[in-house]
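The residues of the chain are indexed from 1 along the displayed sequence. No experiment lies behind these values; they were computed from the predicted model shown.
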Amino acid sequence: MISEQAWADARLLWDYHRMHHDPRPCSVAVGLGSHDLGVADVTAELYHQGMAPVIVFTGATSPTTRGRMPRGEAVHYRERALQLGVPESAVLLEPHATNTGENIEFSKAVLAEADVKVSSVLLVSKPYEERRSYAMMRKLWPEVEVVCASTPMGLKEYADSIGDARMVIDMIVGALQRVMLFPGWDLAIEQAVPDAVVAAYERLCSDGFTGRLIPAGTK
């Protein structure tokens, strides 16, 4: 059972992670690979709304996606987008990235090879990865404007859609640790984290939601 306090703390982190950007037309949409096929759904919807003329789906596999997406995250995302009516000609594939830094760097290379001129990126991710992904984009691809997007679901609705609430909260906690760690590793820009969010993070760690934390001493 997950306590009401843990849910309240997770909601604080959830709200902090979301950038609350209004979607607007960009040069390209980049769908960041993960276990959540809903990222492809959101990316396809934004394409149909005219928010980007080109999509890059990026991602190989990870321990959390190998069983769900055996052909690779980007491949499964692309298949889903085509099912949702996105034309094949509008989708570029980056099937090798195994982390967000590689997602960004490899997507840049794919777009350059396709001769797509990029001044702005509609960055589509899981809701709790918006802030970290934004911070990494601003560090690793600073010359482009970044607009974040994700499913508009609330935390409990999202956890129900994934089917594993504890894993979702583990990932929310792990994402905040990375927001705080990555600037010191020169992987992301620094961002202010409110004291209330830090306190909620610490309570969730004490409650055992540590499955996605980077071990101490790792860099």
- Task: Not counting sequence neighbours, which residues clear side chain to side chain contact (heavy atoms under 4.5 Å, CB included) with Glu202? List them please.
- Result: Val198
- Are a donor atom and an acceptor atom from the side chains of Gln5 and Trp7 found within less than 3.5 Å of each other? no
- Message: Less than 4.5 Å apart, side chain to side chain, heavy atoms only: is that true for Phe209 and Ile2?
- Response: yes
- Message: Would you say that Thr100 contacts Ser133 through its side chain, given a criterion of any heavy-atom pair below 4.5 Å between the two side chains?
- Response: yes
- Message: Measuring only between side-chain heavy atoms, which start at C-beta, is Val193 closer than 4.5 Å to Tyr16?
- Response: yes
- Query: Does Arg203 pair with Asp9 as a salt bridge, N-O distance under 4.0 Å?
  - Reply: yes
- Not counting sequence neighbours, which residues clear side chain to side chain contact (heavy atoms under 4.5 Å, CB included) with Val110? List them please. Leu92, Glu94
- OG1/Thr43 to CG/Leu122 distance, rounded to the nearest 0.5 angstrom? 7.5 Å
- Message: Is there a side chain to side chain contact (heavy atoms under 4.5 Å, CB included) between Tyr77 and Leu37? Walk through the geometry before answering.
- Response: CA-CA 6 Å; Tyr77 277 20; Leu37 197 59; 3.8 Å; yes
- Item | Nearest atoms (heavy-atom pairs only) where Leu155 meets Ala10 | CD2-CB, 3.6 Å
- For the pair Arg78 and Glu88, find out whether any cationic side-chain nitrogen is under 4.0 Å from an anionic carboxylate oxygen. yes
- Query: In terms of hydrophobic clustering (I, L, V, M, F, W, Y; side-chain heavy atoms under 4.5 Å; direct or indirect links), are Leu46 and Leu32 co-clustered?
  - Reply: no
- Does any non-hydrogen side-chain atom of Met153 lie less than 4.5 Å from one of Ser161? yes
- Taking the side chain as every heavy atom from C-beta outward, state whether Tyr201 and Met180 have any atom pair closer than 4.5 Å. yes
- Item | Heavy-atom check, side chain of Glu129 versus side chain of His17, under 4.5 Å | no
- Hey, are the side chains of Met171 and His35 touching, using non-hydrogen atoms and a 4.5 Å cut-off? yes
- Query: Could you walk me through whether Thr98 and Glu102 pass the side-chain hydrogen bond (donor to acceptor under 3.5 Å, both in side chains) check?
  - Reply: CA-CA 6 Å; Thr98 58; Glu102 291 182 353; 2.9 Å; yes
- Rounded to the nearest 0.5 angstrom, the CD1-OG1 distance for Ile169 and Thr210 is 12.5 Å
- Task: Under the ring-ring contact (aromatic ring centres under 6.0 Å, His included) rule, collect the residues that match up with His48, sequence neighbours excluded.
- Result: none
- Item | Pair Glu130-Ser125, side-chain donor/acceptor within less than 3.5 Å | no
- Counting N and O atoms only, with roles assigned by atom type, does the side chain of Arg18 sit under 3.5 Å from a partner on the main chain of Trp14, one being a donor and the other an acceptor? no
- Side chains of Gln83 and Glu79, donor plus acceptor under 3.5 Å: no
